Amino acid sequence: MKVRAGDLTMAYDDAGGGMPVVLLHGFPHDRSMWSAQMRGLSGQCRCIAPDLRGFGGSDVTAPYSMDRYADDIALLLDALGIQHAVIGGLSMGGYVALAFWRRHAERVIALVLSDTRAPADTTETIAKRRDLIAVAKEHGSAAVADAMITGMMGKRTRQRHPELVAQVYRMLAAAPVDGVIGALDALITRPDSTPTLATIDVPTLIIVGDEDVLTPPADARALHAGIAQSSLEILKGAGHLANVERPAAYNHVVGEFLRAAIRG
Ligand code: MLT
């Protein structure tokens, strides 16, 4: 589906009914990474998975920043006539969820932060991202996919589920190169969300794969320590894409969390 949201046309999937749950993809992903959640959770809630600007079927339009991605989501909710929602995000989607909280907290029922972290980039990470921008400009998204695919999934998934690795590789390689470069810039310039954590006063579920090397369990524990009403789930045998690698376990913990949030 597509809808006009502010200055851009956004592509999104929308399934189920009841409490709206927005699922924000990471970098350089698109909404297809949530397909198992659209199937598994839409019996329980209204799952809305958009493509962030520059990815999937959404317009590839500057400017790019975490704040801008968050405001795009607020405009998408306006366009869909939704006032309040659970906001979930994986990795970069988690950074966007934290920006959404900073800018639109009154619209947030609860947060689901998966395989993500609060701090801004270190100098070393910024240098790596600048190298990746050069790779993207020179060789395109397939070269970015080559550089990123190993870190995206856990060791167990890489050994036992080559079909999932191939599926994720295709998603990374298909990302529009201008969207990839814009997102890398947004990642580099994102603020430190650590001071934000103490302001979060809605139920928050933190999920991480125990084999996540990009945003390891230590990052998830720091989020848990910083957010008063939070719970932490560590999924065994999953890497950075916990929702893709262990979809049934991921859906189970999110489903239980949403049930409690609905009972409120
Ligand atoms: C992601 O999956 O969104 C990225 O790994 C986030 C990051 O590089 O910080």
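Side chains are part of it too, since the values below use all heavy atoms of this structure and drop only hydrogens, waters and symmetry mates. Just so it is clear, the structure is predicted and the values come from calculations on it, not from any experiment. Both ligands and their constituent atoms are indexed starting at 1 by order of listing.
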### Which of the ligand 1 atoms, numbered from 1, are nearer than 4.0 Å to a heavy atom of Leu214
5 (O)
### Contacting atoms of ligand 1, where contact means under 4.0 angstrom from a heavy atom of His29
2 (O)
### Query
Hey, is Arg190 touching ligand 1 through its side chain, its backbone, both or neither, going by heavy atoms under 4.0 Å?
neither
### Message
Could you tell me, atom by atom, which parts of ligand 1 come under 4.0 Å of a heavy atom of Tyr95?
### Response
6 (C), 7 (C), 9 (O)
### Query
Going through the distances and angles, do Asp7 and Arg53 end up as a salt bridge (Lys or Arg N to Asp or Glu O under 4.0 Å)?
CA-CA 10 Å; Asp7 68 335; Arg53 75 166 57 217; 2.8 Å; yes
### Query
Is Asp210 salt-bridged to Lys236, cutoff N-O under 4.0 Å?
no
### Message
Membership question, hydrophobic clusters at under 4.5 Å side-chain separation (ILVMFWY): are Met1 and Ile73 in the same one?
### Response
yes
#### Entry: Those atoms of ligand 1 less than 4.0 Å from some heavy atom in Gly26
3 (O)
#### Entry: Mutual orientation of the aromatic rings belonging to Trp34 and Tyr250 [parallel < 30°, tilted 30-60°, perpendicular > 60°]
tilted
### Query
So is there a nitrogen or oxygen of Met92 less than 3.5 Å from a nitrogen or oxygen in ligand 1?
yes
### Message
Tell me the protein heavy atom at minimum distance from atom 7 (C) of ligand 1, and give that distance in Å.
### Response
Arg129 NH2, 3.4 Å
### Query
Which heavy atom in Leu235 sits nearest to a heavy atom in Ala242, and how many Å separate them?
CD1-CB, 4.2 Å
### Task
For Ser91, counting its heavy atoms only, list the atoms of ligand 1 lying under 4.0 Å from any of them.
1 (C), 2 (O), 3 (O), 4 (C), 5 (O), 6 (C)
### Task
Not counting sequence neighbours, which residues clear ring-ring contact (aromatic ring centres under 6.0 Å, His included) with His104? List them please.
Phe100
### Message
Do the side chains of Arg46 and Asp14 get close enough for a salt bridge, i.e. N-O under 4.0 angstrom?
### Response
yes
### Query
Quick check: does Gly93 get an N/O under 3.5 Å from an N/O on ligand 1?
no
